[in-house]
Amino acid sequence: MCPSVFHIFLVRPSKYDDEGFVIRHWRAVVPSNSLACLYGLSEDVRQRRALGEVDVRIYVVDEAVDKIPLERIFRLNRRAGERVLVCLVGVQTNQFCRAADIALALRQNQVAVMIGGFHVSGMTAMFPCVSPEIQKLVDAGVTVVAGEVEHRWADLLKDACEGKLKPIYRFLDDPPDLSEAPCPIKHQQFTAKHVHSNYGTIDCSRGCPFNCSFCTIINVQGRKSRHRSPECIVGAIRQAYGNSGVNLYFFTDDNFARNPAWEEIFDRLIALREDEGIAIEFVIQADIAAHKIPGFIEKSVRAGCCTVFIGMESLNPRNLEAAGKTQNRVQEYRASIEAWHNARVTTLVGYIIGFPHDTEESVRCDIRRLISEVQPDQASFFMMAPLPGSQDHRRMIQDGSPIEADYNRFDCFHETTSHPLMNNGAWTRAYAEAWRRFYSLENMKTILSRTHAERYWDVFFNLFWYKNSVVNEGMHPMLTGLVRLKDRVSRRACFPQESRLAHLRRRIPEIYKFVQGTLRVALEMEELWLATRKRSETEVRVMEELAAMRAKFRRGLRISDLQTAYTRAKARMPSIEVPSRMSLYRERASLLRVSCLRQTRRDLARFWIGVRRQFRQGRIGTALRIDRLALNALREIRLAASFLRALMTAGPLGKANPQHRSSEPGLDICPVPPAETGR
Ligand code: B12
Ligand code: SF4
């Protein structure tokens, strides 16, 4: 019998960190497309009244930023005449342990639970028997769903609503036709919970024609590309733009270039942009050879493509061959990056470390070549892992090769097997060094110096996020967000539950270390900004004039000097406007001295190191020269304020329109006079 109210909780579980705490952040960076997909499907069922007269209420919970409201779920579940269903959504292998714990806690309280996603789908696709960890859930009364559900969602919800859920549903052999399927919808509540409130996702197609041995996608979603109709995609984009201002997308297709409808989708996006003024930007994933498809890059750019993620995987052809990724030709890497770069699209490459022919030395060498020869704007490094659903995983299980038993570690950031050529920590060392080298200050400077002005802030923010995730949070950027939160009570069962005091004792030094680490990364990014920021023509000209005049006097900067510099610059470049006296006063305040032409904060850093040294050596009097300390502190604050202002106006912090990312006209000089050394 159907209840009067049917509560559907769509929950995306997070995963545990290495100390057993659930990974949760104050704000997330990348939204979950699986959650948006199932929300879109559920809304469709509700609006179509596919369950009859039942009052369907949908709740969306992303554990990456939300706590799961277990008590509320239990309360609702006890109400007479109402029914609750919790769907654990898009559960990947690394999330499975957390998802299983949630499922078992819910089942102990008689709540109906369904679980789906890549772990259960991958295991079911590759093995004839139900694996023990999945069987454990089935035994506890959890319903397991393998495969995609676009065409089955209403039936599944009907079964749940009537209390007739089966233990296992297998839809792998019957993938849905996506052409008219409801599109993903970003729930309104996430607008405030994502760093980019304007960020949405759509999987325009699923499946990939290639045959890489480490890949799960081909065994779960198939090797034939199925796609949504371009009308549906554009309709969903138009609607999300109107409802929640979503104008930045991650098209999650694993290979957009092999989506048979790519051209039509681009054409419609171009029309949306040019005829309706809905100018979205988007990120796609594509293969190395995509640049050779006639018109692909040109149309993607006109349609709004800002970033392309390319699965480069390795620079060693023997590795690519071993993995069956022979479509990647190393000799084409540079040309591919260059083609996208020329079109002003940011390039992000996926690079796997731990292929059979990798050694610590060869990885070092390959990363050097990646930096100097291939020159992508960004790289995302993954540790090779035999992910359930891949041929590699099945082969290793069948051969009895040693595999990590803890699924929580299958996040491509941990070693999960032994490596034939890298042992005793060499693999992890090679992996950590790849991140360190690529995100070194020197390489980031090189990257930003060659980045086009209009993409400067996109690249800058991504470098900031990646660097901070790896250096400071010790996690892959795909798992991090803004400000890590830790819940004392939801710790993994194999770790002890801490008392409030013990937890406080853990958290205070952790938070201190986090703040210190963030500050260190922020100062490095400040240095990066000073060295690479794009200056307007006006600024360059005026500063040149000031520099020439500086040679003639040694006093401070006067308004009349600025006025002269502007007038001289205008004589060379008539388009320069000489500002009013009032704005010149403002500019002088930020200039302070002509010597602020410097493009580094190294002297300031040196000053503070000197103070610390003197302090340690007991030369307190010298260290505490109040005038020098105050002056340099003031400069530090003013520099930080300029940097922050630039970040706020340019990036997601300021909720900037992605169209408006280039440097402003006029003088935008940052106050970096040399540190006051007192010498
Ligand atoms: C976008 C994406 C991300 C995004 C968003 C995640 C998301 N799920 O939306 C981000 C950037 C966060 C991400 C991160 C990672 N990802 Co990812 N990601 C993808 C990608 C490219 C698309 C996901 C997607 O939108 N799929 C479409 C949705 C609709 O498919 P789906 O989740 O399977 O859901 C369908 C069915 O499974 C089912 N279903 C799902 N949930 C439920 C629940 C119920 C109750 C029911 C009935 C049905 C059901 O219905 C859905 C609709 O048909 C996939 C590859 C792919 N083709 O799917 C990889 C993939 C899921 N990611 C993968 C990995 C490994 C990772 C990372 C570990 C890698 C890393 N270090 O960066 C991290 C882990 C992050 C984490 N812990 O959350 C692997 C997972 C393999 C595995 N066995 O676990 C995949 C398959 C890619 C691969 N390399 O093989 N990822
Ligand atoms: S190209 Fe990418 S999506 Fe396609 S099979 Fe290889 S790894 Fe999988």
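Any value given below was found using the heavy atoms of this structure, including those in side chains, with hydrogens, waters and symmetry copies removed. Every number for a ligand or one of its atoms is a count from 1 in the order of the listing.
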Among all the protein's non-hydrogen atoms, which is closest to [atom], and how far away is it?
atom	value
atom 58 (O) of ligand 1	Phe118 CE1, 3.2 Å
atom 30 (O) of ligand 1	Gln221 NE2, 3.9 Å
atom 69 (C) of ligand 1	Phe382 CE2, 4.0 Å
atom 39 (N) of ligand 1	Gly117 N, 3.8 Å
atom 2 (C) of ligand 1	Phe250 CE2, 4.7 Å
atom 50 (O) of ligand 1	Val149 CG2, 3.3 Å
atom 73 (C) of ligand 1	Gln92 OE1, 3.8 Å
atom 5 (C) of ligand 1	Pro31 O, 3.9 Å

Checklist entry - Which part of Thr93 is near ligand 1, with near meaning a heavy atom under 4.0 Å away: side chain, backbone, both or neither? => result both

Checklist outcome for this item: Within the 4.0 Å heavy-atom cut-off, what Leu41 brings close to ligand 1 is neither

Give the table of side-chain donor-acceptor pairs shorter than 3.5 Å for residues 94-103, with sequence neighbours excluded, one pair per line with atom names and distance.
| from | atom 1 | to | atom 2 | distance (Å) |
| --- | --- | --- | --- | --- |
| Asn94 | ND2 | Gln92 | OE1 | 3.1 |
| Gln95 | OE1 | Gln92 | N | 2.8 |
| Gln95 | NE2 | Pro13 | O | 2.8 |
| Arg98 | NE | Glu63 | OE1 | 3.2 |
| Arg98 | NE | Glu63 | OE2 | 3.0 |
| Arg98 | NH1 | Tyr16 | OH | 3.2 |
| Arg98 | NH2 | Glu63 | OE2 | 2.7 |
| Asp101 | OD2 | Tyr16 | OH | 2.6 |

Item to check | Residue-atom pairs from the protein, N, O or S only, that lie under 2.8 Å from atom 6 (Fe) of ligand 2 | outcome: Cys212 SG

Should [X] be listed as contacting ligand 1, given a heavy-atom distance under 4.0 Å as the test?
X	answer
His119	no
Cys215	no
Trp153	yes
Thr143	no
Phe413	no

Can a protein heavy atom be found under 4.0 Å away from [atom]?
atom	answer
atom 11 (C) of ligand 1	yes
atom 23 (C) of ligand 1	no
atom 52 (C) of ligand 1	yes
atom 35 (C) of ligand 1	no

Next on the checklist: Run the side-chain contact (heavy atoms from CB on, under 4.5 Å) test on His25 and Lys193 for me, step by step, so that the C-alpha distance in whole Å, both residues' side-chain angles and the decisive distance to 0.1 Å come before the verdict.
Outcome noted: CA-CA 9 Å; His25 287 85; Lys193 290 193 171 171; over 6 Å; no

Item to check | Name of the residue among Ile68, Leu85, Val60, Leu76 meeting side-chain contact (heavy atoms from CB on, under 4.5 Å) with Phe9 | outcome: Leu76

Determine yes or no for a side-chain-to-main-chain donor-acceptor pair under 3.5 angstrom, with [X] supplying the side chain and [Y] the backbone.
X	Y	answer
Gln285	Asp253	yes
Ser300	Ile297	yes
Ser314	Asn316	yes
Arg24	Leu485	no
Asp17	Ile23	no
Tyr249	Ile284	no
Asn328	Gly311	yes
Arg170	Gly147	no
His151	Asp174	yes
Glu415	Thr428	yes

Checklist entry - With a 6.0 Å cut-off on ring centres, are His194 and Tyr199 close enough? => result no

State the atoms of ligand 1, each with its element, that fall below the 4.0 Å cut-off from a heavy-atom position in [X].
X	result
Arg12	76 (C), 78 (O)
Met114	45 (C)
Cys37	29 (C)
Asn33	7 (C), 9 (O), 24 (C), 25 (O), 27 (C)
Pro388	83 (N)
Gly147	36 (C), 37 (O), 38 (C)
Asp254	21 (C), 55 (C), 56 (C), 57 (N)
Gln285	21 (C)

Ignoring hydrogens and angles, state whether a donor on the side chain of [X] or [Y] is under 3.5 Å from an acceptor on the partner side chain.
X	Y	answer
His187	Asp62	no
Asp358	Asn319	yes
Trp435	Tyr431	yes
Asp392	Ser390	no

Next on the checklist: Can you tell me which residue among Thr347, Thr346, Asn462 is in a side-chain hydrogen bond (donor to acceptor under 3.5 Å, both in side chains) with Asp377?
Outcome noted: Thr347

I want to know if ligand 1 touches [X] in the polar sense, i.e. an N/O pair below 3.5 angstrom.
X	answer
Ser34	yes
Asp411	yes
Asp203	no
Asn94	yes

Item to check | Sub-4.5 Å side-chain heavy-atom contact between Lys325 and Phe355 | outcome: no

Checklist entry - Of the choices Leu387, Leu10, Ile218, which has the non-hydrogen atom that lies closest to atom 81 (C) of ligand 1? => result Leu387

Item to check | Best match, Thr216, Leu38, Ile217: closest heavy atom to atom 90 (O) of ligand 1 | outcome: Thr216

Checklist entry - Would you say Glu19 has more than 12 foreign heavy atoms packed within less than 6.0 Å of its CD? => result yes

Item to check | Residues Lys158, Glu162; criterion salt bridge (Lys or Arg N to Asp or Glu O under 4.0 Å); working and verdict | outcome: CA-CA 6 Å; Lys158 197 156 181 289; Glu162 293 173 355; 3.3 Å; yes

